[in-house]
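A quick write-up on the structure given underneath.
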Amino acid sequence: MNNRIAAVAGYLVLYVILDWISYIHPVLPVAITPWNPPPGLSLVFLLRYGTRYWPALFLAALLAEILVRGIPAPLPWLAASSLALAGCYAGLAALLGTRIGARFDKLSDLTRFLALILPGTLVAALAYVAIFTFAGLVPQHEFFPNLLRFWVGDAIGVMVVTPLLLVHGAENPALWRSLRPQPEMLAQAAAVLAALWLIFGVEYSDEFKFFYLLFLPLIWIAMRHGIRGATIAILGIQLGLIVALEWSGQRSAAVVEFQLLMAALTVTGLFLGMAVTSRRALEEQLRNRQSELNQALRMAAAGEMTSALAHELNQPLSAISSYLRACQLMLELPEEQHPLLAETMDKVVAEAARAGQVVHRLRDFYRSGELRLERLAMEPLLQGGMEPLNKRADREGIALSLKVAPHLPEVLADRMQIETVLHNLVSNAIDACGASRRGEIHVGAVAEGGAVRVCVSDNGAGIAPEIAAHLFKPFATSKPQGMGLGLAITRSLIEAHGGKLWAEAGEGGGARFCFTLPAEFPTIIAHGR
Ligand code: ADP
């Protein structure tokens with residue numbers, strides 16, 4: 001409550017001081033000045049504390065009329081004019097409160113602000129001048145010149161003061177950042193002073209001719225510092241203009257004309273400043289979105305890599321656990337069976353090493369797509385990939401065969417990755433065959449153009465129609481325990497080698513998965529010998 005009383009008292013004092021400072025070139029007897037900033041303060045006060053504080057406006061206007069302006073009219077007329085002003089500005093504040101944002105940082109805020117204050121101040125001017133015309137203080141033929149004078153004075157007072165206070169009072173860090181003190185600001189202030197000096201200081205016949213010079217520093221400031229800089233520059237220019245007008249002893253009519261030019265300058269500066277500020281805010285928003293997007297993409301990639309690793313590790317780990325179970329059984333057998341135990345333990349070690357290699361290679365692959373290429377003969381390469389699955393195929397009664405065409409060229413490939421590819425394709429084929437009937441899986445390699453084509457065919461259930469369209473997409477699976485990553489990884493590994501992977505229907509209802517690898521022709525052929 002005390003805060004509110006202090007705010008009202010502060011407002012009253014500030015209003016009267018502001019009215020006193022701006023009390024220049026009054027047209028007597030009703031003391032209309034060509035620059036009237038107090039209504040700008042009143043609007044901000046009502047926007048901040050609410051329109052129910054309108055009686056403070058009435059009091060402030062009355063005090064100013066009595067203390068500063070000394071209008072020679074009976075108190076009821078002064079009260080009537082103050083009441084009219086308070087009513088008009090309270091109405092204007094109510095409209096502004098619902099139409100503009102509290103941060104006052106958008107072009108639409110500024111457009112609505114100007115669209116409301118121009119007619120709003122005209123209504124106030126009409127009410128004020130009409131009351132004193134009725135009172136007989138303003139002669140009827142002076143009605144329109146006084147109306148124009150009052151309107152211009154109030155409109156420009158509001159245009160200069162209200163945006164300044166709204167923008168600088170708002171808790172908007174983006175706006176603050178646009179106005180860090182810089183040496184450039186001294187140069188900008190100097191440019192404003194230089195323009196004022198050129199307009200008023202140098203002896204020309206016509207001061208109006210050079211008014212446009214003031215646009216240059218204002219444009220510079222608005223472009224660099226947005227709406228914050230523009231509002232400060234506009235206040236500076238307005239004060240400089242008033243001082244210069246006083247100092248050069250201009251006629252009152254000329255002062256009004258200068259104020260009209262000032263209104264044009266103010267509107268330009270405000271729009272330019274606001275355009276720069278809102279553009280910067282948009283750019284910042286865009287940058288934030290971009291970094292959020294990058295973060296999301298990184299998270300997705302990390303998630304995919306984790307799933308891929310889990311999938312790839314699952315196979316050696318399940319092999320290790322079956323071998324170890326076999327070892328436990330063997331330990332119960334007589335000692336002469338133990339060489340078999342040693343052999344099985346070797347397989348455990350080999351599978352563990354394979355798991356380690358998978359981790360390393362996949363990490364390398366995701367980090368940089370790095371391949372450890374070497375020249376490899378097809379037959380041992382394919383055997384190496386199928387080897388870990390021979391046992392499982394046997395156990396499930398599946399015949400696993402390999403046929404490599406004679407004189408196949410070598411390929412330039414990463415052994416570990418091609419073994420992983422083959423492992424994935426053959427274990428999918430085993431899954432497809434199932435244990436129930438006599439399954440057959442055939443791996444064949446032939447030369448084809450400048451490449452080697454490898455196909456893994458099975459006589460299993462065939463590709464389920466609901467999965468066929470997105471077979472190679474991550475997480476597409478028809479298996480209850482499946483992760484749907486094997487084929488996606490397999491395809492990316494083959495494509496990294498410059499090859500292709502595809503699926504086709506196999507003979508006898510099964511499936512066939514084929515991939516190509518670019519052939520590495522022997523140097524003899526490459527040199528044409
Ligand atoms: P997962 O094996 O974890 O399901 P994959 O990406 O390796 O993931 O396979 C995706 C799907 O493709 C499998 O769930 C299966 O439906 C289908 N698929 C893969 N290979 C074969 C095949 N040889 N025969 C029939 N369907 C297959």
Side-chain angles (χ1 to χ4, degrees), residues 35-48 50-51 88-126 148 150-179 212 214-238 259-286:
W35 185 49
N36 195 28
L41 178 71
S42 302
L43 283 179
V44 176
F45 173 73
L46 289 187
L47 283 173
R48 172 90 176 73
T51 37
C88 288
Y89 281 107
L92 189 52
L95 284 174
L96 281 174
T98 56
R99 301 289 194 291
I100 62 170
R103 287 152 67 121
F104 200 68
D105 61 351
K106 292 192 194 66
L107 270 175
S108 57
D109 288 339
L110 179 61
T111 315
R112 286 183 195 141
F113 170 77
L114 290 176
L116 285 172
I117 65 129
L118 289 176
T121 46
L122 179 61
V123 171
L126 262 172
L148 178 70
F150 192 103
W151 185 30
V152 170
D154 268 28
I156 194 136
V158 171
M159 277 197 279
V160 171
V161 171
T162 308
L164 177 87
L165 295 181
L166 285 180
V167 163
H168 289 265
E171 311 254 312
N172 189 341
L175 287 176
W176 276 118
R177 267 201 297 285
S178 63
L179 202 74
Y212 68 88
L214 279 170
F215 280 87
L216 301 178
L218 183 60
I219 290 171
W220 177 13
I221 295 167
M223 292 299 288
R224 298 284 294 150
H225 308 292
I227 188 71
R228 264 182 198 270
T231 48
I232 292 178
I234 288 166
L235 179 71
I237 292 174
Q238 173 69 92
Q259 284 302 85
L260 279 170
L261 287 174
M262 183 64 205
L265 184 80
T266 304
V267 171
T268 311
L270 288 177
F271 269 114
L272 194 60
M274 196 59 106
V276 168
T277 295
S278 51
R279 197 197 142 133
R280 281 186 193 158
L282 271 179
E283 279 169 5
E284 184 156 324
Q285 232 174 39
L286 214 62

Donor-acceptor contacts, no H, no angles, side chain residues 266-276, under 3.5 Å, sequence neighbours left out:
unit_1, atom_1, unit_2, atom_2, d
T266, OG1, M262, O, 2.7
T268, OG1, A264, O, 2.7

Report, one line per pair, each donor and acceptor closer than 3.5 Å where one atom sits in a side chain of residues 154-167; sequence neighbours left out.
unit_1, atom_1, unit_2, atom_2, d
D154, OD1, N36, ND2, 2.6
D154, OD2, Y89, OH, 2.6
T162, OG1, G40, O, 3.1
T162, OG1, V158, O, 3.2

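In this view, R279 and E283 satisfy the salt bridge (charged side-chain N to carboxylate O under 4.0 Å, His left out) rule, not counting sequence neighbours. Partners of F113 according to the ring-ring contact (aromatic ring centres under 6.0 Å, His included) rule, which considers only residues two or more places apart in sequence or in another chain, are F104.
Atom CG of L261 is separated from atom CG of L265 by 8.5 Å, given to the nearest 0.5 angstrom. If you take CG on L92 and OG1 on T51, they are separated by 11.5 Å, rounding to the nearest 0.5 Å. Atom CD1 of I100 and atom CG of L114 lie 10.0 Å apart (nearest 0.5 Å).
When all heavy atoms are compared, the tightest approach of S278 to L107 is OG-CG, 4.1 Å. Across all non-hydrogen atoms, the minimal contact from L46 to A93 is CB-CB, 3.7 Å. Considering all non-hydrogen atoms of both residues, A233 and L218 come closest at CB-CD1, 3.7 Å.
Here side-chain hydrogen bond (donor to acceptor under 3.5 Å, both in side chains) pairs that include residues 111-126, with residues two or more places apart or in two chains, are T121-W151.
A heavy-atom distance below 4.5 Å is not found between the side chains of T277 and R280. Residues V152 and L260 have side chains in contact (heavy-atom distance under 4.5 Å, counting atoms from C-beta outward).
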